*Asks:* 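Handing you a structure now.
Only a predicted model underlies this, so the values are computations on that prediction, with no experimental measurement involved.
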Amino acid sequence: MTCPIDIHDPAWQALYEAASAAPNESGWTPFHHPALIAAVAAAHGLTPLTLGTFGDERLNAALCVLTPEAGTPWPISACPFNGPLIRPTGARYSARRDKFTSQHLLQLLQALIERKRWAHVRIPAGQFDPREVIACGFRITPSFTYEIPISSDSELMEQVLPDRRRQIRGAAGSGVTVREIPLDSATKARHWGPIIHALHAEQSGRHALAADTDADGFVTLLTHGIGQSWLRLFVAESASGIPCAFQITTVQNASAANVLTGYTHSAPPGANALLRMDVLAELAREGVQRFDLNGARPGEGGRFKASLGGRLVERWNIAPPPPPAERASLGMRLRRRWWSLQR
């Protein structure tokens with residue numbers, strides 16, 4: 001049975017914890033934390049649509065999609081949150097595990113498009129058997145992110161390209177410093193929200209993108225993180241003490257991921273890279289083993305992430321079946337093309 005559930009339902013939390021113990025077979029990512037989903041939704045003016053499939057008196061699989069209000073653009077940063085969690089089976093045989101995950105994935109997707117015809121979902125590539133989903137008309141296309149494996153802070157710099165290492169040393173030599181801002185009060189959230197929003201908006205503008213949310217949205221996000229370990233804010237400051245780059249990071253167990261970033265074009269060269277590597281070194285000392293840089297768009301942003309030692313990781317975007325009219329039109333175009341080749 002598939003039905004709507006609340007993101008704060010204890011059943012979701014129980015499934016999240018079970019899935020986090022076996023991330024390579026459950027679809028688990030740091031973006032599935034229920035409190036983080038609620039915080040991002042509130043910051044962006046989105047509504048979490050959460051569906052679950054139940055069996056044997058427990059939640060076996062769940063899917064969350066952040067849905068915008070009518071006429072509201074869908075922010076890029078919301079993409080990683082649209083994905084399923086499927087309870088690990090512990091099955092000895094992969095055939096049985098694949099049958100279980102494929103069945104629940106299809107049930108969730110069919111229930112989703114009954115409610116939101118446009119909704120897309122993202123899953124880690126290769127974890128779930130997609131054949132039944134494809135046979136039912138769903139479309140799968142690849143997307144990518146960069147991940148950095150973390151072994152020790154001393155080995156991190158060995159993965160960085162030489163030119164980028166020189167920039168990082170230059171930034172440190174020019175007096176750029178990195179510090180974590182403790183999210184311990186609403187006053188700090190109100191102070192830092194507009195500052196990091198300005199950095200994020202400037203960065204987005206350079207890439208011809210709209211800012212994900214406004215200054216109030218950043219304040220809301222930081223406010224949700226007050227006193228919580230799953231949301232952390234790191235800032236790079238120039239020698240004069242002016243913030244020039246930031247990174248909001250979620251940390252879950254031995255995994256961490258970027259949530260939002262930004263930096264000013266007037267920052268000292270290498271300041272943004274210094275921020276990223278200092279954060280990674282700190283997380284390495286805390287026992288984090290994998291960091292998701294959250295995206296791999298072509299161009300300057302993707303090259304920057306690769307230069308830090310990022311490794312390209314494939315994900316699958318699942319789109320709903322095309323409407324009947326579109327399918328008929330596509331079928332006719334294919335038949336006409338086939339006929340033309342026979343002449």
*Asks:* List the atom of V121, the atom of L112, and the distance in Å for their closest heavy-atom pair.
*Replies:* CG2-CD2, 3.6 Å
*Asks:* Please name all residues satisfying ring-ring contact (aromatic ring centres under 6.0 Å, His included) with W12, sequence neighbours left out, ordered by chain then number.
*Replies:*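 Counting only residues at least two positions away or on another chain, W12 forms no ring-ring contact (aromatic ring centres under 6.0 Å, His included).
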*Asks:* I'd like to know whether I140 forms a side chain to side chain contact (heavy atoms under 4.5 Å, CB included) with I134, so could you lay out the CA-CA distance, the side-chain angles of the two residues, the decisive distance to 0.1 Å, and finally the verdict.
*Replies:* CA-CA 7 Å; I140 294 181; I134 295 173; 3.9 Å; yes
*Asks:* Any pair with a residue in residues 91-100 that passes side-chain hydrogen bond (donor to acceptor under 3.5 Å, both in side chains), sequence neighbours left out, goes on the list, sorted by first then second residue, please.
*Replies:* none
*Asks:* Identify the heavy atoms of A19 and W28 that sit nearest to each other, and give their distance.
*Replies:* O-CB, 3.6 Å
*Asks:* Would you mind reporting whether L260 and D212 have side-chain heavy atoms less than 4.5 Å apart?
*Replies:* yes
*Asks:* Could you give all pairs that pass the salt bridge (charged side-chain N to carboxylate O under 4.0 Å, His left out) test and reach residues 227-254, with sequence neighbours left out?
*Replies:* R179-E237, E180-R232, R232-E286
*Asks:* Which pair of non-hydrogen atoms, one from E25 and one from F128, has the smallest distance, and what is that distance?
*Replies:*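 Nearest heavy atoms, E25 then F128: O-CE2, 3.6 Å.
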*Asks:* In a table with atom names and distances, give each donor-acceptor pair under 3.5 Å that connects a side chain of residues 3-10 to protein atoms at least two apart or in another chain.
*Replies:*
| residue | atom | partner | partner atom | Å |
| --- | --- | --- | --- | --- |
| D6 | OD1 | H8 | N | 2.7 |
| D9 | OD1 | A11 | N | 2.7 |

*Asks:* Enumerate the residue pairs fulfilling salt bridge (charged side-chain N to carboxylate O under 4.0 Å, His left out) with a member in residues 265-283, sequence neighbours excluded, ordered by first and then second residue.
*Replies:*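 Checked against salt bridge (charged side-chain N to carboxylate O under 4.0 Å, His left out) - neighbours excluded - the pairs reaching residues 265-283 are E282-R285.
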*Asks:* Could you state whether Y16 and F54 fall into the same hydrophobic cluster, counting links through intermediate Ile, Leu, Val, Met, Phe, Trp or Tyr residues with side-chain heavy atoms under 4.5 angstrom apart?
*Replies:* yes
*Asks:* How long is the straight-line distance from CG of N317 back to OG of S143, given to the nearest 0.5 Å?
*Replies:* 3.5 Å
*Asks:* Less than 4.5 Å apart, side chain to side chain, heavy atoms only: is that true for T249 and V259?
*Replies:* no
*Asks:* Roughly how far apart are Q203 CD and N272 CG, rounded to 0.5 Å?
*Replies:*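 Output value for this atom pair is 6.5 Å.
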*Asks:* Going by atom type alone, with no hydrogens or angles, which donor-acceptor pairs under 3.5 Å involve a side-chain atom of residues 45-52 and a protein atom two or more places apart or on another chain?
*Replies:*
none

*Asks:* Does some side-chain heavy atom of L106 sit less than 4.5 Å from a side-chain heavy atom of C136?
*Replies:* yes
*Asks:* Is it true that Q247 and N258 share a donor-acceptor pair across their side chains at a distance under 3.5 Å?
*Replies:*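 Looking only at side-chain atoms, Q247 and N258 do form a donor-acceptor pair, the distance falling under 3.5 Å.
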*Asks:* For H265, look at atom NE2 and say whether over 12 heavy atoms of other residues, nucleotides or ligands are found less than 6.0 Å away.
*Replies:*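 No, the 6.0 Å shell around NE2 holds no more than 12 heavy atoms from other groups.
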*Asks:* Does anything in residues 121-131 pair up under salt bridge (charged side-chain N to carboxylate O under 4.0 Å, His left out), and if so which pairs, sequence neighbours excluded?
*Replies:*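 Checked against salt bridge (charged side-chain N to carboxylate O under 4.0 Å, His left out) - neighbours excluded - the pairs reaching residues 121-131 are D129-R131.
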*Asks:* Does a side-chain heavy-atom distance below 4.5 Å link I195 with P243?
*Replies:*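 With C-beta onward as the side chain, the pair touches.
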*Asks:* Among all residues two or more places apart in sequence or in another chain, which pass the ring-ring contact (aromatic ring centres under 6.0 Å, His included) test with F100?
*Replies:* H104
*Asks:* The criterion is ring-ring contact (aromatic ring centres under 6.0 Å, His included); which residues satisfy it with H32, sequence neighbours excluded?
*Replies:* none
*Asks:* Mind listing the side-chain donor-acceptor pairs of residues 216-227 below 3.5 Å, one per line with the distance, residues two or more places apart or on another chain?
*Replies:*
| residue | atom | partner | partner atom | Å |
| --- | --- | --- | --- | --- |
| T220 | OG1 | D216 | O | 3.0 |
| T223 | OG1 | V219 | O | 2.7 |
| H224 | ND1 | T220 | O | 3.0 |

*Asks:* Please step through side chain to side chain contact (heavy atoms under 4.5 Å, CB included) for the pair R303 and S307, ending with a clear verdict.
*Replies:* CA-CA 6 Å; R303 290 192 296 271; S307 74; over 6 Å; no
*Asks:* Does the pair W118 and I113 meet the rule for a side chain to side chain contact (heavy atoms under 4.5 Å, CB included), with working shown?
*Replies:* CA-CA 7 Å; W118 54 267; I113 63 172; over 6 Å; no
*Asks:* Any non-hydrogen side-chain atom of V133 less than 4.5 Å from a side-chain atom of W316?
*Replies:*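 V133 does not reach W316 side chain to side chain.
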*Asks:* What are the two closest non-hydrogen atoms of L105 and P84, and how far apart are they?
*Replies:* CD1-CG, 3.9 Å
*Asks:* If you link ILVMFWY side chains whenever their heavy atoms are less than 4.5 Å apart, which other residues fall into the same cluster as I242? By chain and number, please.
*Replies:* none
*Asks:* How is the hydrophobic cluster of V178 composed, in terms of its other members, when Ile, Leu, Val, Met, Phe, Trp and Tyr link through side-chain heavy atoms under 4.5 Å apart, directly or indirectly?
*Replies:*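 Taking Ile, Leu, Val, Met, Phe, Trp and Tyr as members, V178 shares its hydrophobic cluster with F144, Y146, I148, I150, L156, M157, V160, I168, V176, F234, V251, L274, L275, M277, V279, L280, L283, V288, F291, L293, F304, L308, L312.
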*Asks:* Which heavy atom of P23 sits nearest a heavy atom of S20, and at what distance?
*Replies:*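 Minimum heavy-atom separation between P23 and S20: CD-O, 3.4 Å.
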*Asks:* Between R139 and P321, what is the shortest heavy-atom contact and its length?
*Replies:* NH2-C, 4.1 Å
